[in-house]
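So the structure is just underneath, and the comments pick up after that.
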Amino acid sequence: MIIVMKQGASPSQIQAIKEEIEGLGLSPFIEAGSERTIIGVVGDDRAVQLDHFYTLRGVEKVIPILKPYKLVSREFQPNGTQISVKGQVIGGKKIQVIAGPCAIESPDQLRMAAHAVKKAGVTIMRASAFKPRTSPYDFQGTGKEGLKWLKEIGDEEELVTETEVMDPRDVGMVGSYADILRVGARNMQNFDLLKEVGQINKPVVLKNGLASTMKEFLLAAEYIMSQGNKNVILCYRGIRSFETAIRFPLDIGMIPLLKKETHLPVIIDPSHSMGRPDIVPEASCGMIAAGADGLLVDVHCHPDEALCDGKQALQPEHFYPMMENLRKIAVAIGREL
Ligand code: PEP
Ligand code: MN
């Protein structure tokens, strides 16, 4: 960081800052200009409370130089992380389209969806038993019972399974039924949940919060990694904006930006972002072309009967041609699907 002293800061104030920096095990470099003094701090100061320096006399401004996140950053690890689960790799050459129903409703509904996505070439199925609903009167999910169906049908169809966990106390239990755990948008800053999934050795899909910045998103991933779990997959699902025509607008620039900032795999959720199925296929093509490592897509065989998010789910008949188009784009950019 760089500390800019106020105009006319006294030598004793400058000395006090110098001693403070040395006390933290860091080295100060003092540059006395004609108008004001600037103090450069050399060393890894990520753990230092920058705000503390604002409380010291004579300090005008504190400018951080290092990024606040470390383990997730590409500076720290230049090579992209590849996450393997049951023979499937996320973050490798293959684009992973994780697809399935938003919610697990019944064994029949899940079985039908599993069959449909498998037929399209999908190897990882999404489906949630725990649903974070805005209204307490909406369908809340089928809970543990639903997870049992997920395990059974995942095994039957030989699909890797991905599902949401909402409560830190359920992490072990959910992990005993599913291959990949998901922390949803509404829990991106549930720090106890982040710490808990950081202590298991299963991959975790982390979605960005509805109104979070990229920095907050990456710091949430840092929480998980700092607990030891290095298998984090970032899922960008758009954010709230003044624009309501799209449910959660998603800036395509976030894809190359996240890929530059972090070595973690980056997947995109076009369904929860677009909020309507008719524009999901075209938007998905753009997302893959922009460098996403995969997608998280809602597919339901009977959206009109869905208990959650039927409005945005793709029917298999629209999902199949979308997969064909994605395959062509994947090949064109030197990847596969
Ligand atoms: C979901 O993927 O099922 C979901 C609830 O999405 P989000 O957390 O992004 O709203
Ligand atoms: Mn949903």
Side-chain angles (χ1 to χ4, degrees), residues 90 96-105 109-110 113 117 122 124-136 138-143 146-147 150 161-167 170 174 178-190 193-194 197 203-214 216-217 220-221 224 232-241 244 246-251 254-255 258 266-277 280 283-284 287 292 294-315 319:
I90 302 153
Q96 290 289 0
V97 178
I98 305 174
C102 185
I104 300 169
E105 299 165 19
Q109 168 256 5
L110 186 61
V117 296
V122 163
I124 310 177
M125 172 169 67
R126 65 147 290 148
S128 305
F130 293 100
K131 293 304 308 168
R133 303 309 299 277
T134 301
S135 165
D138 284 341
F139 171 66
Q140 301 288 309
T142 44
L147 290 178
L150 180 66
T161 56
E162 190 265 8
T163 200
E164 178 153 359
V165 59
M166 288 167 57
D167 189 320
D170 287 341
V174 177
D179 302 310
I180 304 174
L181 270 52
R182 178 183 348 116
V183 173
R186 287 152 194 84
N187 273 315
M188 188 204 85
Q189 284 190 320
N190 179 341
L193 180 60
L194 298 177
V197 296
V204 176
V205 168
L206 174 68
K207 298 184 102 176
N208 68 290
L210 311 187
S212 65
T213 62
M214 183 183 74
E216 288 160 344
F217 186 27
I224 302 175
V232 180
I233 300 148
L234 299 173
C235 179
Y236 196 68
R237 43 85 76 219
I239 50 171
R240 264 215 216 293
S241 133
T244 52
I246 282 182
R247 191 179 180 195
F248 291 102
L250 188 149
D251 192 324
M254 283 303 291
I255 302 166
L258 280 166
V266 175
I267 66 170
I268 305 294
D269 181 342
S271 301
H272 287 82
S273 166
M274 300 301 132
R276 46 189 281 179
V280 164
S284 298
M287 291 159 188
L295 300 173
L296 189 71
V297 187
D298 278 11
V299 175
H300 199 295
C301 296
H302 299 289
D304 54 328
E305 291 168 14
L307 299 178
C308 178
D309 281 350
K311 198 167 143 248
Q312 71 192 26
L314 273 171
Q315 284 180 285
F319 182 58

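Start at 1 and go down the list; that is how both ligands and their atoms are numbered.
Annotation: side chain of Phe319 is in contact with side chain of Val97 (closest heavy-atom distance under 4.5 Å). Between His272 and Lys207 there is a side-chain heavy-atom pair separated by less than 4.5 Å. When side chains are defined from C-beta on, Ile233 counts as touching Ile267, because their heavy atoms get closer than 4.5 Å. Using a 4.5 Å heavy-atom threshold, the side chains of Met274 and Gln312 count as separate.
At under 3.5 Å, a nitrogen or oxygen of Lys131, whether backbone or side chain, sits near a nitrogen or oxygen of ligand 1.
Regarding atom 8 (O) of ligand 1, its nearest protein heavy-atom neighbour is Ala185 N, 2.8 Å. Atom 4 (C) of ligand 1 has His272 NE2, 3.4 Å as its closest protein atom, hydrogens excluded (heavy atom only). Considering only non-hydrogen protein atoms, atom 7 (P) of ligand 1 sits nearest to Lys207 NZ, 3.5 Å.
For ligand 1, the atoms closer than 4.0 angstrom to any heavy atom of Gly184 are 8 (O). Using a 4.0 Å cut-off to heavy atoms of Cys102, the atoms of ligand 1 that qualify are 3 (O). Taking every non-hydrogen atom of Arg186 and a distance limit under 4.0 Å, the qualifying atoms of ligand 1 come out as 7 (P), 8 (O), 10 (O).
Screening Lys131, Arg276, Arg247 for a salt bridge (charged side-chain N to carboxylate O under 4.0 Å, His left out) with Asp309, the sole residue that qualifies is Arg247.
In this structure, Pro270 and Val297 approach most closely via the heavy-atom pair CG-CG2, 4.1 Å.
Heavy-atom neighbours of Arg240 CZ from other residues, nucleotides or ligands within 6.0 Å: at or below the threshold of 12.
At least one N/O/S atom of His272, from backbone or side chain, sits under 2.8 Å from the Mn ion (ligand 2).
For atom 3 (O) of ligand 1, the nearest non-hydrogen atom from the set Arg126, Arg237, Glu162 comes from Arg126.
When distances from the Mn ion (ligand 2) to the N, O or S atoms of Asp309 are compared, OD2 comes out shortest.
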